[in-house]
Each structure stands twice: as C-alpha cells, then as structure tokens.
Amino acid sequence: SQQGEEDPQALSIQEGENATMNCSYKTSINNLQWYRQNSGRGLVHLILIRSNEREKHSGRLRVTLDTSKKSSSLLITASRAADTASYFCATSGTSYGKLTFGQGTILTVHP
Amino acid sequence: ETGVTQTPRHLVMGMTNKKSLKCEQHLGHNAMYWYKQSAKKPLELMFVYSLEERVENNSVPSRFSPECPNSSHLFLHLHTLQPEDSALYLCASSQGGGLTEAFFGQGTRLTVV
C-alpha cells in the first residue's frame, strides 16, 4: 500500500505561528497532493508536487518532497483562525486515478 | 463551489431501503470517483470511472452499485445497507486520472438506521 500517513494527528497553535505537517508513504509515486477539509464537507485541493520536484510554493503554503525518504511536509506560514481544518496528503501512483489518502492532521488555530 | 455537485447532502435510510446518491460535474473532466469517509479512518476509494468505463473497484460490497451514464454524471445505488455503512460519501472528478488534482463535491452524509 502507498497510503500516506500524516504526523502529527492533531496540531494546536496560535494565530500568526507557522504550522508544519508531515506525510510519509510506502511506494513509488507519480505525485503527492495536499488537501484541506473543513468539518464534514468536501476536500479542497491545495497543492500538487510531482515526483521530480523537491519544493513548491503557493501563497502561504510551502510543500517539500523527499522521494528518498518517501516523505513530504506542508508548511503554513503566518497561520490564521480560518486555516482551522483537517489536512490530508494523497499519493498518486501507477494505478489509474487512484489517489490514496492518509488519516489527516487536524489543525486548530486559536485567535 | 468546486464544480462538482452532490445530492442529497443528507440521507437517512433503513436497512431495507433502496436509495441513490447523485454526482454531477461541470468541469469537463474525464474521470469520476466515489470515496467513503468514516470516522477515524482514511478516505477509502470505492470506484473509479474513466470515460464512463469502470476502471477500479476497490473490493466494495455488492450492496453498493455505481453507474456512470455519461462523463458528467455518476450515481451510487444503495440497497440493504448496514449501520456500519453510515459515513460521508464523497464524489470527485479529475482530468487525466491521478496525474492532476481532484475536485470534490460537498459529500452526502449517509446514516443507516
């Protein structure tokens, strides 16, 4: 299985602080994606990083990928209360359309 | 709005009922998916359709029956469900399989009583 596993399972920080979430996976991937989910709603795509990329930025988001360690991290800088949500990594491999999700990290940002 | 619409948003059904979940995408994508999200479990991929043809069936019980009549619509037909099937069912679409990002609907919260 190439299931992503996020760490930590829960993260509680103050507004303005940075939040870092990690993801590990088990097999070769084509790309790794990060998604956000507000309570009980659909997932929203945040960023996609391909297996030949090492780092990617999008606004306050920074994603790194280390294929040798089979791990990725998502950094949210200058967090806001509105960033409170669950964050999931998902890996895409060789099976058509098969995105495999991890358990997610629950991020709480206190105002 | 992500361009993927799911109905209904909430559904309560008895174990002997038959119901259907509907998903519609307005993005021109060529692949659609059903995922199941249960409490304290990762999202589980149930079915993948590419160009209206099922390309993945992730060992899902036969009481779940998908249907993809065209590239914009996806259904999940439900019958004789069990209480453990209560979950959030998410539909998603993408272009090019897992090579690009997936767009998710808001989900149907299903409760089986």
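Computed from a predicted structure; not experimentally measured. Lettering follows sequence order; numbering is per chain, from 1.
In this structure the side chain of Tyr33(B) never reaches within 4.5 angstrom of the side chain of Leu99(A), judged on heavy atoms.
Only the side chain of Leu88(B) comes within contact range of chain A, judged by heavy atoms closer than 4.5 Å.
Considering every non-hydrogen atom in both Pro42(B) and Gly102(A), the closest pair reads CB-O, 3.7 Å. When all heavy atoms of Glu101(B) and Leu48(A) are compared, the closest pair comes out as N-CD1, 3.9 Å. Closest approach of Phe104(B) to Leu43(A), counting heavy atoms only: CB-O, 3.3 Å.
With a 6.0 Å radius and a threshold of 12 heavy atoms from other residues, nucleotides or ligands, Arg80(A) has its CZ atom at or below the threshold. In this structure, Lys19(B) places its NZ atom where only 12 or fewer heavy-atom neighbours from other residues, nucleotides or ligands lie under 6.0 Å away.
Among Gln37(A), Gln9(A), Arg50(A), the residue with the largest count of heavy-atom pairs under 4.5 Å with chain B is Gln37(A).
A continuous path of ILVMFWY side-chain contacts below 4.5 Å connects Ile47(A) to Ile29(A), so both sit in one hydrophobic cluster. Hydrophobic clustering (ILVMFWY, side-chain heavy atoms < 4.5 Å, transitive): Leu61(A) and Met21(A) are in one cluster. A continuous path of hydrophobic side-chain contacts links Met46(B) to Leu11(B) [ILVMFWY only; heavy atoms under 4.5 Å]. Follow the hydrophobic side-chain contacts under 4.5 Å out from Ile106(A) and you never reach Leu74(A); the two are in separate clusters. Leu78(B) and Met15(B) fall within a single hydrophobic cluster, where Ile, Leu, Val, Met, Phe, Trp and Tyr side chains are chained together by heavy-atom contacts under 4.5 Å.
A distance of 12.0 Å separates CZ of Arg41(A) from CZ of Arg109(B), quoted to the nearest 0.5 Å.
Side chain of Tyr35(A) to main chain of Ala102(B): a donor-acceptor pair is present (N/O by atom type, distance under 3.5 Å, no hydrogens or angles).
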Where do Gln37(B) and Phe88(A) land on the side-chain contact (heavy atoms from CB on, under 4.5 Å) test, with the steps shown first? CA-CA 12 Å; Gln37(B) 187 177 30; Phe88(A) 297 88; 3.7 Å; yes

